[in-house]
Asks: 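Attaching a single structure in structure tokens format; questions to follow.
Because only heavy atoms are used, hydrogens play no part in the values below, and waters and symmetry mates are left out as well, while side chains stay in.
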Amino acid sequence: MAAPIGLQRVPFWPVFAVISAFKLLLIPTYRSTDFEVHRNWLALTHSLPISKWYFESTSEWTLDYPPFFAWFEFGLSQIAQFVDPAMLEVTNLNYASTQTIVFQRLSVIITDFLLAYAVKECCACIAKSNNKQEYEDLISQPAFVLAVLLLTNMGLLLVDHIHFQYNGFLFGLLLLSIARLFQGRNLEGGFWFAVLLNFKHIYVYVAPAYFMYLLRSYCFTQSHKDGSVMWTSFSITRLISLGLVVISVFALSFGPFIAMGEIAQVISRLFPFKRGLCHAYWAPNFWAFYNVADKAVTIIGVKADILTVNTTQSQASMTGGLVQEFQHTTLPSVPPIATFVLTGLSILPAVIHLWRYPSGPRGFLRCLVLCAFGSFIFGWHVHEKAILLIIIPLSILSVWSYNDAQVFLLLSTVGHYSLFPLLYTQPETPIKVCMMLFFTIFSFCALQGLYQSPHPDAILPHLPLLNPLESLYILGLLPLYIYTDIIHDLLGLGERLSFFPLMLTSVYCALGVLYTWLVFYKRTLQRGAKIDHAKQS
């Protein structure tokens, strides 16, 4: 029998080195307009004074990230000037020399070291919680499984190293913040999350989880035996300390723009509500169903002579995949305030549950995942890439509980598949399919090795950890892919119904996203019900 293995023998950095080498191979691949977005930000932060950063509009890709990310681009530009100064000219639109491509690609790969460090810290937390267990091999060790799930995440590889963005670096900040909370270093956890918000404000959607957890478990120092808060344990000192940390970060970030009287301009760039309810490709969320319902009612209305063709054509931009303001044809158009209200209502039970039933960092992480779910499902102008804000933290929970592993397997598979339309070029098709297969197969095999199947006596065949119906849904992705990528064009529908494959993908994937949200929510709230039952007993 092999000797038990410990965390110190887990080849963490070799795994990171291998995945980094793979990222190097992706340098020549397709790149989206986000590549030009970040090149333009390099140019304007390098060439213009800070007072002009949020006013510059030579390019349509204006700076719309918080100040820390602007300074991040400025820092990169100090190196870029020695690689190819031409990339730093604001008027050099769509500039993409070989040196520029290599430099920007390498900047993403190198900054992923922060992600690697944060993953290592999270894995250490997992190992510490299982320090009394011994493992016969690597694949049976939760810390190693988590390391591979996070470092080889298919979505991050696709979005960052082909499509082009810096999500790995940003998720590194999020994971580092989470790790610090698990380590009991709450002020550091709050600090790193505040820093993250000033790099990319989309993470504000999970801020309610941080606020409630730090208030309940840090500012209140004790609870009664029944778990309720002991109001006399409130520490004003801790509240002030936490407040000073957060305020200091925001003051450092936005202070210069407040001093220059430009804060209104910065805010207008950060929150451009004229972009419309949905992104060019509908994210697989609630609004995908709403859009389809609008189209269905419109078609029925035209055939019943209730609506005219001219009216529907003038308002049909919703189905054209354009990023702009538009009106629904028949159903009421959705204003931003409606999405904010729905998002708030969707996360409210999770936040209240975190207050009533504090269960340490794991309870916080469940609340964070539910906040990410709510913002993705009901948010305004949600990007399909935002699914990673759910999948990444859910990866941590997946190695602790087979119930969470079930949700993770279902969500990560459908969520990663929903990113396929981002890479629509033929040369990248084998790459995205192989990455999807590798990550999905590893996830199912590794998590199956950690847990016994909850359906050992199932009569119908099923995938590991999933029930037969869930398995059938996952397998349905195969005929969906065959139709959208092959059969649709063979039928000659490519021009007449060009957006139908995207719509079909979005709606099918939305079924899985909403299902996993409801299952995860139910299980989270049931934990509170079990606590109440135990108290009564």
Asks: Which residue, Leu158, Leu388, Ile387, Leu477, forms the side-chain contact (heavy atoms from CB on, under 4.5 Å) with His416?
Replies: Leu388
Asks: Could you tell me whether a side-chain N or O of Ser506 sits under 3.5 Å from a main-chain N or O of Met503, the two making a donor and an acceptor?
Replies: no
Asks: Would you say Asp160's side chain and Asn167's backbone share a donor-acceptor pair under 3.5 angstrom?
Replies: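 Flag set: sc Asp160 to bb Asn167 pair under 3.5 Å.
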Asks: What distance separates Leu151 CG from Leu146 CG, expressed to the nearest 0.5 Å?
Replies: 8.5 Å
Asks: With side-chain contact (heavy atoms from CB on, under 4.5 Å) as the criterion, how do Phe442 and Ile139 come out once you've worked through the C-alpha distance, each side chain's angles and the decisive distance to 0.1 Å?
Replies: CA-CA 10 Å; Phe442 174 83; Ile139 199 65; 3.6 Å; yes
Asks: Start with the C-alpha gap between Phe378 and Val341, add the side-chain angles, then the distance that decides, and say whether side-chain contact (heavy atoms from CB on, under 4.5 Å) holds.
Replies: CA-CA 9 Å; Phe378 298 107; Val341 170; over 6 Å; no
Asks: Of all the heavy-atom pairs spanning Gly374 and Ile347, show the shortest one and how long it is.
Replies: CA-CG2, 4.2 Å
Asks: Hey, does Trp71 have a side-chain heavy atom less than 4.5 Å from the side chain of Ile50?
Replies: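 Counting from C-beta outward, Ile50 and Trp71 do come under 4.5 Å.
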Asks: Around Tyr95, counting heavy atoms of other residues, nucleotides and ligands shown, do more than 12 lie under 6.0 Å from its OH?
Replies: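 Counting neighbours around OH of Tyr95, more than 12 heavy atoms of other residues, nucleotides or ligands fall under 6.0 Å, so yes.
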Asks: Ignoring hydrogens, what is the shortest heavy-atom contact between Ala386 and Ile202? Give both atom names and the distance.
Replies: CB-CD1, 4.4 Å
Asks: Grab the two heavy atoms, one from Leu466 and one from Ser471, that are nearest each other, plus how far apart they are.
Replies: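 So the two residues come closest at CB-OG, 3.7 Å.
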Asks: Among Val519, Thr516, Leu463, find the residue that satisfies the side-chain contact (heavy atoms from CB on, under 4.5 Å) test when tested with Leu410.
Replies: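 Answer after filtering Val519, Thr516, Leu463: Thr516.
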Asks: Output yes when a side-chain donor or acceptor of Asn92 lies under 3.5 Å from a complementary backbone atom of Ala86, and no otherwise.
Replies: yes
Asks: Working note: Val266 + Trp53, criterion side-chain contact (heavy atoms from CB on, under 4.5 Å); need CA distance, chi angles, decisive distance, verdict.
Replies: CA-CA 9 Å; Val266 175; Trp53 287 0; over 6 Å; no
Asks: I want to check something: taking the side chain as every heavy atom from C-beta on, are Phe103 and Asp84 in contact at a cut-off of under 4.5 Å?
Replies: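 They are not in contact (no side-chain heavy atoms under 4.5 Å apart), so the answer is no.
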Asks: Determine, using ring centers only, whether His201 and Phe68 are less than 6.0 Å apart.
Replies: no
Asks: Tell me if the aromatic rings of Tyr30 and Tyr424 count as close, with their centers under 6.0 Å from one another.
Replies: yes
Asks: Would you please indicate if the ring centroids of Trp517 and Phe286 are separated by under 6.0 Å?
Replies: no
Asks: Please check if the distance between the ring centroids of Trp192 and Tyr117 is under 6.0 Å.
Replies: no
Asks: When you compare the side chain of Ser51 with that of Glu262, does any pair of heavy atoms fall below 4.5 Å?
Replies: yes
Asks: Report yes if the distance between the aromatic ring centroids of Tyr417 and Phe420 is under 6.0 Å, otherwise no.
Replies: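 Ring centroids of Tyr417 and Phe420 are less than 6.0 Å from each other.
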Asks: Would you say the side chain of Phe35 lies within less than 4.5 Å of the side chain of Gln104, judging by non-hydrogen atoms?
Replies: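 Gln104 vs Phe35: side chains touch.
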Asks: Quick one: do Arg180 and Glu121 satisfy salt bridge (charged side-chain N to carboxylate O under 4.0 Å, His left out)? Show the steps, please.
Replies: CA-CA 8 Å; Arg180 292 297 180 251; Glu121 290 294 292; 2.8 Å; yes
Asks: So, applying ring pair (Phe, Tyr, Trp, His ring centres under 6.0 Å) with Tyr65, which one of Trp41, Tyr166, Phe271, Phe199 is it?
Replies: Trp41
Asks: Check whether any side-chain N or O of Lys385 sits under 3.5 Å from a backbone N or O of Val159 as a donor-acceptor pair, and report yes or no.
Replies: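 A pair under 3.5 Å: no.
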Asks: Indicate yes or no for a side-chain donor-acceptor contact from Ser346 to the backbone of Thr343 under 3.5 Å, with no hydrogens or angles considered.
Replies: yes
Asks: Once rounded to the nearest 0.5 Å, what's the spacing between atom CG of Leu174 and atom CG of Leu196?
Replies: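 Answer rounded to 0.5 Å: 6.0 Å.
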Asks: Looking at Leu465, is its backbone amide N or carbonyl O close enough to the side chain of Gln406 to form a donor-acceptor pair, meaning the two atoms are under 3.5 Å apart?
Replies: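 At least one qualifying donor-acceptor pair exists.
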Asks: Ignoring hydrogens and geometry, is there a side-chain-to-backbone donor-acceptor pair from His488 to Leu493 under 3.5 Å?
Replies: yes
Asks: Measure the spacing between CD of Glu60 and OG1 of Thr33 and express it to the nearest 0.5 Å.
Replies: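 Atom-to-atom, Glu60:CD and Thr33:OG1 are 8.0 Å apart.
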Asks: Find the distance between CG (Leu447) and CG (Leu409) and round it off to the nearest 0.5 Å.
Replies: 5.0 Å
Asks: Please confirm whether Tyr473 and Tyr508 have ring centers closer than 6.0 angstrom.
Replies: yes
Asks: Please check this pair: side chain of Ser177 against backbone of Gly189, looking for a donor-acceptor N/O pair closer than 3.5 Å.
Replies: yes
Asks: Tell me if the centroids of the rings in Phe254 and Phe257 come within less than 6.0 Å of each other.
Replies: no
Asks: Looking at side-chain heavy atoms only, is the closest gap between Leu411 and Phe373 below 4.5 Å?
Replies: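 Contact flag for Leu411/Phe373 side chains = yes.
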Asks: Which atoms form the tightest heavy-atom contact between Tyr54 and Pro67, and what is the distance?
Replies: OH-N, 3.2 Å
Asks: Once you measure the plane-to-plane angle for Phe169 and Phe72, does it fall in the parallel (<30°), tilted (30-60°) or perpendicular (>60°) bin?
Replies: parallel
Asks: So Leu397 and Val407, do their side chains get closer than 4.5 Å, heavy atoms only?
Replies: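 No, too far: nothing below the 4.5 Å cut-off.
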Asks: Output yes when a side-chain donor or acceptor of Arg31 lies under 3.5 Å from a complementary backbone atom of Arg105, and no otherwise.
Replies: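 No, because the side chain of Arg31 does not come within donor-acceptor range (under 3.5 Å) of the backbone of Arg105.
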Asks: Charged N to carboxylate O below 4.0 Å: is that the case for Arg366 and Asp404?
Replies: yes
Asks: Quick one, Ile396 and Leu175 - any side-chain contact, counting heavy atoms below 4.5 Å?
Replies: yes
Asks: Run the numbers on Phe144 and Val15 for side-chain contact (heavy atoms from CB on, under 4.5 Å), then give the verdict.
Replies: CA-CA 10 Å; Phe144 175 74; Val15 170; 4.1 Å; yes
Asks: Look up atom CG in Asp294 and atom CG in Leu331, then write down how far apart they are to the nearest 0.5 Å.
Replies: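 Those atoms lie 4.5 Å apart.
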Asks: Can you name the nearest heavy-atom pair linking His46 to Gln81, along with the distance?
Replies: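 Closest approach of His46 to Gln81: CE1-OE1, 3.6 Å.
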Asks: Kindly say whether the aromatic ring centers of His163 and His161 come within a distance under 6.0 Å.
Replies: no
Asks: Below 4.5 Å, heavy atoms only, C-beta onward: do Tyr481 and Val433 meet side chain to side chain?
Replies: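 In contact.
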Asks: Determine the minimum heavy-atom distance between Asn153 and Phe439, stating which atoms define it.
Replies: CA-CE1, 3.6 Å
Asks: Is the backbone N or O of Met436 less than 3.5 Å from a side-chain atom of Thr440, with the two atoms forming a donor-acceptor pair by type?
Replies: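 Flag set: sc Thr440 to bb Met436 pair under 3.5 Å.
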Asks: Could you tell me the separation between the SG atom of Cys125 and the CZ atom of Phe182, rounded to the nearest 0.5 Å?
Replies: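 Here the interatomic distance stands at 7.0 Å.
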